[in-house]
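Contents: one structure, followed by commentary.
Convention: sequence-line order gives letters A, B, ...; per-chain numbering from 1. None of these values were measured; they are calculated from a predicted model.
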Amino acid sequence: MSAGAVLDLEGLNPVQRAAVQHDEGPLLLLAGAGSGKTRVVTHRIARLLLEGSSPDSVLALTFTNRAAREMRERVFGLLGADDLPGLTISTFHSLGARFLRQHATAVGRTRAFTIYDDDDQTAVLREALNDLNAGLSAKGVRAWRRAIDQAKNAGLDAREATPPSEGALLDPAEVGARYELLMERADAFDFGDLILRPAQILTEVPSLAESYRRRWRWVLVDEFQDTNRAQYAWLRTFAPPASNLFVVGDDDQSIYGWRGAEVENILQFPHEYPAARVLRLEQNYRSDGHILQAANGVIAHNERRLGKDLWTERSEGTRIELYEGHDARGEARWVAERIAGLCREEGYAPGDVAVLMRANHLSLDLEETLTRAGLRYAVVRGRSFYDRAEVRDALAYVRLLVNPNDDVAFRRALGVPSRGVGKTSLARLAEFADARGESALAAAAAALDAAVLRGRARSGLADFLAALAAARAEASSPSAQVRGLLERVGLMEHLAHEDVEREAGEGRQANVERLLQAIESYEQETPDASLAGYLEQVKLVSEVDVAQLSGGAVSLMTVHAAKGLEFPVVFVIGLEDGVFPNARALDDRDGAGEEEERRLCYVALTRAERRLILTRARQRRTFGEVRHNAPSRFLRELPRGAVESRYVPEPPPAARAWQRRASGWPREHDPVAVAPAPSDDELCVDVVYDEFGGSDGPGFSPGMRVWHAQLGAGRVRKVNPGMRPSLTIDFDDVGQRKVLASFVAPYQG
DNA sequence: AAAAACTATTTTTTT
DNA sequence: AATAGTTTTT
């Protein structure tokens, strides 16, 4: 290491410094949000290297590629280095993929194996289930996919999966075996394999584990609360209790339980690693006082936690703002205006602002209003681009170039553009290939000889094979090879044709062109560029990882995607029961669901530095149906002192009804009378609490007998709370109707 | 076998 | 509301 660099530890607090300077033996660092844990990890790595440890001996594992990249850059910055060959800072999955490329043959794969994502996995499983004569509904197949995924996350084999209720009659051993056979034939690994297989290999070959153990003298794991059992098992093979394992985490920020993350890993760490030293970072350097109070207040409602309270030396700052829109559009309109106002009047820039939400689709209305308001925004979505049908089609061709046994890609590519090879021909081909124990493409030439197919199907397949062979023979750069193949098979032409037909299309051809350009720029940026390398990047690196945040645009993203980030101004939208907390998550895992949703809310709130603004809509369209959601229960948990004492809810859209009438629209649903907007005086903090922290309706509950003056007697099916609560009632005479609760009275008899 | 018509399902979060 | 998947028609 360059002897010149000196690490400055003066800027660190005593606990941070202790963690950086911790010597040998395991250490658990419980680091609250904004407590400077990345600083600690990067300083520690820098310190180790400065004191003479070889970069080879350091392994840092993160959860996302974004975190890995940030960590790497900060270490380089501290050391004034451009590169540190041998230093491994990587995600679990990237490391797993790298490991498996080296040991592929031990598990029946080649070095060129393909990584299958959820959709690919589902396609394989559909095949597997069909082969077992157990054709299931799409839902059933997906349920099995989840079951296998969960098994692998828990460190089990696919054969040990717990059958989902949709396909409970099937034997998991059979399903799992068939699935794994097809995966092996396709030379593919799923995401779970990237963790599970390395763990299995290292467990079976202790000498190999030993060599890694010797190499990685210093192992650091970030976001330890999000590791699953398989990751933990893998970790233990090369970082056993006696090693220098340094884990950092926060049980309050565990938000991946649905993916198999085990908070237990962090809770049990002191027992599993008895020699472990435990340090806590509780001083927050990110958020103003009110924001921190709000976050602490909400998370305090969780019972299963180690318990910690963040504190700050910062001033209390501005109180948290609340807004209630009439519907999602009203909410969006206000948010856009508020962002514009903060930029105009308080010196914030759009790039300082993030809008966080529970689910991706909640951004739709906002995107529209932001555009209209002339505010630049960037939606940080998981992997939207690569999920487009046409991009996946094009990628299928790329995949076949890299791995000819990739059966999922084969089926996909063969079908687009259509070549006269339909369902029946495909089934025949699959049967033929299966009998030979080969992948479809490997058996295709023989199938042509054996005249398995006739007529158009036969010539279509022959053309397809010829195009692939020609592309392979082409000795050009990877991107040129792909371009050539796509031209040869007429995909571009096909898409151009489709674009014309669809008129209002978003340019499918243009999207594939973008893909080709992405491959080209990958080629230019990467030293040993290969299509295989590109594909791995596509699978493992999401848009979230590469998003240029604060590039001057408002960031729109899910709370999950926002983890680890911070912004001067944070909006959290859609704070309604059923949305955030998400209804499905709530009945998950007996009660654990609500606590995880609350942790998610905690993560959202703690992203904010200076301003925190929470919004909800009284009604929202979901699945094409208007729903009146109660305010999020988390709003009720905000400490009053931290919340702005006044808020002005959006008045009901009386104006719109009037306009409709004026323009001659039918007036069937015009409200007869509309409540006036409440005056400011009515909106002191107590009202905020009643309205926001919402009543659950005026004493009605499902099952209750009620009376309506016009419609007669009935039974309450559903209570729809809100500003003007309504009830869905099964009337004895007229069937199900939705009526305002104020017109209904409880009724005996 | 392909296109058109119909239907069921979705929006929970992601490596 | 939009779409992916399924069935029917050509």
| query | Do the ring planes of W234(A) and F92(A) sit parallel (below 30°), tilted (30 to 60°) or perpendicular (above 60°)? | reply |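 The arrangement is tilted - the two ring planes meet at 30° to 60°.
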| In terms of the nearest nucleotide of DNA chain B, which residue is placed more toward the 5' end: R419(A) or H361(A)? |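 Its nearest nucleotide being more 5', the pick is R419(A).
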| Closest-nucleotide 5' rank along DNA chain B - winner of V421(A) and D118(A) |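 Going by which nucleotide is closer to the 5' end, it is V421(A).
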| message | Only pairs with both distances under 3.5 Å count, Watson-Crick or wobble alike; so what is the partner of dT12(B) in this structure? | response |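 Pairing partner, where one exists within any strand: none, as none qualifies.
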Whole angstrom value for the distance that separates [atom2] of [N] from [atom1] of [X]:
X	N	atom1	atom2	value
R126(A)	dT6(C)	CZ	C1'	12 Å
R146(A)	dT10(B)	CZ	P	12 Å
F623(A)	dA4(C)	CZ	P	15 Å
N582(A)	dT12(B)	CG	P	5 Å
I195(A)	dT14(B)	CD1	P	18 Å
D577(A)	dT12(B)	CG	P	15 Å
L100(A)	dT15(B)	CG	P	19 Å
I115(A)	dT14(B)	CD1	P	19 Å

Give the nucleotide from the list [options] with an atom nearest to the side chain of [X].
X	options	result
R621(A)	dT15(B), dA1(C), dT13(B)	dA1(C)
R584(A)	dT13(B), dT10(B), dT15(B)	dT10(B)
A585(A)	dA1(B), dT13(B), dT12(B)	dT12(B)
N360(A)	dT15(B), dA2(B), dT13(B)	dT13(B)
S425(A)	dT9(B), dA1(B), dT14(B)	dA1(B)
R259(A)	dT9(B), dT14(B), dA3(B)	dT14(B)

What contact category does [X] fall into here, base, sugar-phosphate, or nothing, at under 4.0 angstrom with non-hydrogen atoms?
X	answer
R599(A)	nothing
S94(A)	nothing
F63(A)	sugar-phosphate

| query | Does E367(A) CD have over 12 foreign heavy atoms under 6.0 Å away? | reply |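 Count over threshold, so yes.
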| task | Return yes when atom CD of E431(A) has more than 12 non-hydrogen atoms of other residues, nucleotides or ligands closer than 6.0 Å, and no otherwise. | result |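 Incorrect, the count does not exceed 12.
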| dT14(B) phosphate, OP1 or OP2, under 4.0 Å from T558(A) side-chain N/O |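 Yes.
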| Residue-phosphate contact under 4.0 Å: T64(A) side-chain N/O, dT14(B) OP1/OP2 |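 No, no such contact exists.
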| request: Identify whether NZ of Lys or CZ of Arg in R109(A) sits under 6.0 Å from the centre of the six-membered ring of F189(A) and within 45° of that ring's axis. | output: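 Judged by the rule, R109(A) and F189(A) form a cation-pi pair.
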| query | Quick one: which of D250(A), D252(A), D251(A) gives a salt bridge (Lys or Arg N to Asp or Glu O under 4.0 Å) with R305(A)? | reply |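 Checked D250(A), D252(A), D251(A) against R305(A); only one passes salt bridge (Lys or Arg N to Asp or Glu O under 4.0 Å): D252(A).
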| query | When rounded to the nearest Å, what value does the distance between C1' atoms of dT11(B) and dT6(C) take? | reply |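 After rounding to an integer number of Å, I get 22 Å for this pair.
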| request: Measure distances between side-chain N and O atoms of W258(A) and base N and O atoms of dT13(B), and say whether any donor-acceptor pair falls under 3.5 Å. | output: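 Check passes, donor-acceptor contact within cut-off.
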| message | Can a side-chain donor-acceptor contact be found between Y179(A) and D190(A) if the only test is distance below 3.5 angstrom? | response |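 Yes, a side-chain donor-acceptor pair sits under 3.5 Å.
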